[in-house]
Amino acid sequence: MQVEIVELENRSPNEKKKLGTYGFIKGASQFVIGITRKSKYVKEEFGYIFEKLILDFSKHGFGTCWLGGTFNRANYAKTVNIEDNEHILCLSPIGIPADSRRLADKLIRRAIKAKNRKKWDALFFEDSFSNPLTEIYAGKYAIPLEMVRLAPSAGNKQPWRILKEKDKNIFHFYWIIGKNMNYNKLHKVDMGIAVCHFDLTVKELGLKGNWKIKHDIPLKIEEYKYVITWEG
Ligand SMILES: Cc1cc2nc3c(=O)[nH]c(=O)nc-3n(C[C@H](O)[C@H](O)[C@H](O)COP(=O)(O)O)c2cc1C
């Protein structure tokens, strides 16, 4: 994968309009653009790396917004060095956040319930997806899991489902297939973001462990897509 920063400041108003984000983003003249080539796990890896970059920009006070759908891919492709076998997976404006949200922004956020996050009992489980994991039982892993719960996701679908092994610090990461294909296509990216949040938090807390992709999938259920396991 490759990341390019594009400056739109000196481009003509017509060109800027073509590069619009259908009104979702206003006034930003710098964009960070993520370019990928087809390969196994590229979306998950991209999610991890791009989120780390976004968190870094946020740390320095910049406003960002993951965009995976509401921009014109073909027009943005003309602004970056892109080969035939590459494509723009996601991008984000980098700017100074406005003091208040515009009406359109408020309406969209209300429609997709952007402020809300699912509760613990819908996301985190022990041994089976019918047995929710409580914050108390998660112990020192409650904070890394909470950071997954607060992660951004396409359409705020929060597709992550995490299964802890009983009496072990082993966490299997899955995503659940939803009804909307456009969002399903981005769930591997969402998983990379979730893994990034979990990974950065366990490291910050000094909790030791390793990531492994299991070949014999821990719990095989049709609508749950297994991604990776963290073994503490
Ligand atoms: C992979 C990904 C793709 C996204 N694509 C879009 C998009 O195309 N347009 C948009 O307005 N927001 C997009 N978002 C932002 C989400 O809608 C937003 O993160 C979610 O609603 C939660 O809101 P919050 O991040 O403000 O908490 C995307 C987020 C992710 C993680």
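As the structure lists them, so they are numbered: ligands from 1, and atoms in each ligand from 1.
Within the listing of ligand 1, atoms 17 (O), 21 (O) sit less than 4.0 angstrom from a heavy atom of Ile112. For ligand 1, the atoms lying closer than 4.0 Å to a non-hydrogen atom of Pro152 are 19 (O), 25 (O), 31 (C). Here is the list of ligand 1 atoms found below 4.0 Å of a heavy atom in Asp190: 1 (C), 31 (C). Residue Thr70 has at least one heavy-atom neighbour below 4.0 Å for each of these atoms of ligand 1: 7 (C), 8 (O), 9 (N), 10 (C), 11 (O).
When all heavy atoms are compared, the tightest approach of Ile54 to Trp66 is CG1-NE1, 4.2 Å.
At a heavy-atom cutoff of 4.0 Å, ligand 1 is contacted by the side chain of Arg109 but not by its backbone. Residue-level proximity to ligand 1 for Ser153 is carried by the backbone, the only part with a heavy atom below 4.0 angstrom. Only the side chain of Ile193 comes within 4.0 Å of ligand 1, judged by heavy-atom distances.
Under a 4.0 Å N-O distance rule, the pair Glu231/Lys214 qualifies as a salt bridge.
Residue contacts with ligand 1: Arg117 is included, with a non-hydrogen atom under 4.0 Å away.
A donor-acceptor pair shorter than 3.5 Å can be found between the side chains of Asn156 and Arg117.
Below 3.5 Å of separation, one finds no N or O of Cys90 facing any N or O of ligand 1. Checking only distances, Gly69 does come within under 3.5 Å of ligand 1, N or O to N or O.
Hydrophobic clustering, with ILVMFWY side chains joined whenever heavy atoms are under 4.5 angstrom apart, keeps Phe124 apart from Ile170.
When the options Trp175, Trp160, Tyr183 are evaluated for a side chain to side chain contact (heavy atoms under 4.5 Å, CB included) with Asp190, the one that passes is Trp160. Glu86 pairs with exactly one of Leu89, Asp84, Ile88, Ile82 by the side chain to side chain contact (heavy atoms under 4.5 Å, CB included) rule, that one being Ile82.
Classified by interplanar angle (parallel below 30°, tilted 30° to 60°, perpendicular above 60°), the ring pair Phe129/Phe125 is perpendicular.
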